[in-house]
Amino acid sequence: MPELPEVETVRRGLTKSVVGQTITEIEIRYFKIIVGNVQEFRDRLLGATITDIGRRAKYLLFHFDNGWTMVSHLRMEGRYQLRAEKSEFDKHVHVIFSLSNGQYLAYRDVRKFGKMQLVPRGSELNLKSIAALGPEPLTPEYTSEALRAGLSERRKSIKATLLDQHVVSGLGNIYADEVLWQSRINPQEPANNLSATQLTTLYQAINTEIKRAIDAGGTTVHSYVNADGQKGTFQGQLQVYQHTGEACPRCGNSIAKIKVAGRGTHYCPVCQPLNS
DNA sequence: ATTGAATCCTGGTCGC
DNA sequence: TGCGACCAGGATTCAA
């Protein structure tokens with residue numbers, strides 16, 4: 001599942017490969033990927049040139065020279081592919097942009113959970129879903145005080161709270177498990193029950209982990225591949241995610257997998273104990 | 001206001 | 001070998 005580091009990696013790859021390109025044709029094979037009127041989506045992007053690509057948390061923001069911005073969320077398995085021939089796309093490709101350089105930029109999504117939406121440039125941050133996002137790691141808005149305040153009013157588990165994009169944005173199932181392990185916090189610990197030390201440790205771990213993952217080009221799990229077709233390497237640095245039954249790198253005990261808030265959760269029961 | 005459940009999807013896995 | 005049942009999982013919607 002692409003999280004902030006993976007989306008940032010995709011953003012950088014696409015910035016190199018498609019900025020400056022003009023959309024000459026659009027083929028939409030599965031309409032439900034598009035939020036809003038499909039015909040308007042198509043009409044507004046035909047002839048438009050990509051000027052730059054931004055990002056907010058896990059949302060990609062394709063800015064066009066005609067004043068429109070395409071907001072794209074990859075959800076579970078969405079990814080972009082750049083190919084020389086349309087025939088190279090399989091049945092999971094749902095939207096194909098023909099580019100002025102003759103290449104094709106496609107959106108592929110096996111589970112069809114991803115969404116694309118066109119909004120006037122500058123209004124994307126006002127979208128309900130984006131406006132409600134909490135501060136994201138590695139930005140001035142993400143402070144230890146913001147984290148403390150956000151967690152203090154949540155009684156549900158810290159794992160569920162980290163997945164909730166309203167407190168901190170950009171984390172998903174992989175990095176939530178990893179930062180909790182780094183911080184020696186039990187995933188089921190109520191968010192408002194963290195000690196001051198745990199809060200400080202968690203705050204730092206989130207920044208550090210996200211930065212390291214971005215530097216590594218993200219984590220490649222299952223279907224995730226960035227726009228260049230390259231794989232990120234951060235999976236080699238994961239300590240608990242998908243390491244069920246293996247030895248905890250810190251204490252040697254067995255990594256457990258449980259379900260928290262409906263999500264598979266990996267942790268070490270020995271060095272991530274519940275607070276008493 | 002917060003919280004939990006249901007929802008969307010398909011490939012993979014399991015049991016027979 | 002095949003087939004039905006079940007599951008994962010981010011964000012949204014709805015209900016409590």
Side-chain angles (χ1 to χ4, degrees), chain A residues 1-8 10 28-36 38 55-61 71-80 89-95 107-117 119 124-134 136-137 147-180 187-194 210 213 218-225 235 238 240-245 256-267:
Chain A
M1 56 279 346
E3 305 177 28
L4 192 161
E6 290 72 41
V7 177
E8 175 60 17
V10 171
I28 302 171
R29 297 175 175 178
Y30 184 73
F31 288 2
K32 290 176 74 173
I33 296 290
I34 310 297
V35 176
V38 175
R55 180 185 59 74
R56 174 69 174 96
K58 305 178 198 174
Y59 292 83
L60 283 168
L61 310 170
V71 180
S72 169
H73 197 299
L74 307 173
R75 293 285 183 95
M76 302 297 299
E77 301 189 38
R79 71 198 220 196
Y80 284 93
F89 297 129
D90 69 8
K91 66 173 181 175
H92 300 300
V93 164
H94 309 304
V95 182
Y107 177 73
R108 182 176 188 272
D109 189 342
V110 172
R111 296 247 166 95
K112 300 180 174 175
F113 274 12
K115 296 292 176 194
M116 292 178 188
Q117 180 173 8
V119 299
E124 61 272 9
L125 301 185
N126 299 328
L127 278 176
K128 206 186 301 179
S129 56
I130 293 185
L133 291 171
E136 68 180 70
L147 180 66
R148 189 203 63 75
L151 298 185
S152 69
E153 53 196 39
R154 312 271 166 164
R155 292 186 301 271
K156 63 182 177 182
S157 69
I158 183 64
K159 170 69 185 275
T161 305
L162 290 181
L163 293 178
D164 181 342
Q165 303 296 298
H166 298 97
V167 179
V168 183
S169 59
L171 296 181
N173 212 30
I174 299 172
Y175 297 111
D177 283 1
E178 292 297 315
V179 298
L180 289 175
Q188 294 180 292
E189 190 69 43
N192 63 0
N193 195 43
L194 268 54
I210 292 298
T219 299
T220 303
V221 175
H222 297 308
S223 61
Y224 168 73
V225 177
Q235 60 274 15
L238 298 179
V240 290
Y241 186 79
Q242 290 194 345
H243 285 254
T244 310
K257 181 175 183 181
I258 60 173
K259 187 165 274 203
V260 179
R263 298 292 179 263
T265 299
H266 313 74
Y267 79 115

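The figures here come from the full heavy-atom set of this structure, side chains too, leaving out hydrogens, waters and symmetry mates. Quantities reported herein were computed from a predicted structural model and do not represent experimental measurements. Numbered from 1 within each chain, the chains take letters A, B, ... in sequence-line order.
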Give each protein N/O atom lying under 3.5 Å from an N/O atom of nucleotides 12-14 of chain C, with the pair distance.
{"unit_1": "C:dT12", "atom_1": "OP1", "unit_2": "A:Tyr59", "atom_2": "OH", "d": "3.2"}
{"unit_1": "C:dT12", "atom_1": "OP1", "unit_2": "A:Ser129", "atom_2": "OG", "d": "3.2"}

What protein N or O atoms touch nucleotides 6-9 of chain C N or O atoms at under 3.5 angstrom, if any, and at what distances?
{"unit_1": "C:dA8", "atom_1": "OP1", "unit_2": "A:Lys259", "atom_2": "NZ", "d": "2.8"}
{"unit_1": "C:dA8", "atom_1": "OP2", "unit_2": "A:Lys259", "atom_2": "NZ", "d": "2.6"}
{"unit_1": "C:dA8", "atom_1": "N3", "unit_2": "A:Arg111", "atom_2": "NH2", "d": "3.4"}
{"unit_1": "C:dG9", "atom_1": "OP2", "unit_2": "A:Gly264", "atom_2": "N", "d": "3.2"}
{"unit_1": "C:dG9", "atom_1": "N2", "unit_2": "A:Arg111", "atom_2": "NE", "d": "3.4"}
{"unit_1": "C:dG9", "atom_1": "N2", "unit_2": "A:Arg111", "atom_2": "NH1", "d": "3.2"}

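The two residues A:Ala57 and A:Glu136 have their closest heavy-atom pair at N-OE1, 2.7 Å. Nearest heavy-atom pair across A:Ile158 and A:Pro187 is CG2-O, 3.4 Å. Scanning all heavy atoms of the two residues, the minimum distance from A:Ala261 to A:Ala160 falls at CB-CB, 3.5 Å. Contact record, A:Lys159 with A:Asp177: NZ-OD1, 2.7 Å, taken as the closest heavy-atom pair. Contact between A:His266 and A:His243 at its shortest, heavy atoms only, is CD2-N, 4.2 Å. Contact between A:Lys58 and A:Leu4 at its shortest, heavy atoms only, is CG-N, 4.1 Å.
In this model, a donor atom of one side chain and an acceptor atom of the other lie less than 3.5 Å apart for A:Glu6 and A:Tyr175. If you check the side chains of A:His92 and A:Asp90, you find no donor sitting under 3.5 Å from an acceptor.
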(message) Run the side-chain contact (heavy atoms from CB on, under 4.5 Å) test on A:Val168 and A:Leu147 for me, step by step, so that the C-alpha distance in whole Å, both residues' side-chain angles and the decisive distance to 0.1 Å come before the verdict.
(response) CA-CA 7 Å; A:Val168 183; A:Leu147 180 66; 3.4 Å; yes
(request) Test side-chain contact (heavy atoms from CB on, under 4.5 Å) on A:Asn193 and A:Arg155 and set out the steps. (result) CA-CA 8 Å; A:Asn193 195 43; A:Arg155 292 186 301 271; over 6 Å; no
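Of the side-chain N and O atoms in A:Gln165, one or more sit less than 4.0 angstrom from OP1 or OP2 of C:dA11. The phosphate of C:dA11 has OP1 or OP2 within less than 4.0 Å of a side-chain N or O from A:His73. In terms of phosphate contacts, A:Lys58 brings no side-chain nitrogen or oxygen within less than 4.0 Å of OP1 or OP2 of C:dG10.
Put simply, chain A comes within 4.0 Å of DNA chain B, heavy atom to any atom, from B:dT2 to B:dG11, going 5' to 3'.
Not one N or O on the side chain of A:Ser72 forms a donor-acceptor pair closer than 3.5 Å with the backbone of A:Met116. Here the side chain of A:Gln242 pairs no donor or acceptor atom with the backbone of A:Val240 at under 3.5 angstrom. A donor-acceptor pair under 3.5 Å links the side-chain atoms of A:His94 to the main chain of A:Asp109, judged by distance alone. No donor-acceptor pair under 3.5 Å is formed between the side chain of A:Glu124 and the backbone N or O of A:Val71.
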(request) For DNA chain C, produce a single dot-bracket line, 5' to 3'. Pairs: Watson-Crick or G-U wobble, both distances under 3.5 Å. Symbols: ( ) within strand, [ ] crossing, | other strand, . unpaired. (result) .|||||||||||||||
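Only A:Glu153, A:Arg154, A:Arg155, A:Lys156, listed by number, bring a heavy atom of residues 151-163 of chain A to less than 4.0 angstrom from any atom of DNA chain B.
Spacing between atom CG of A:Asp164 and atom P of C:dG10 amounts to 12 Å, rounded to whole angstrom units.
As judged by a 4.0 angstrom heavy-atom cut-off over every strand, A:Lys115 is placed among residues making no nucleic acid contact.
Residues passing the ring-ring contact (aromatic ring centres under 6.0 Å, His included) test with A:Tyr107 are A:Tyr80, sequence neighbours excluded.
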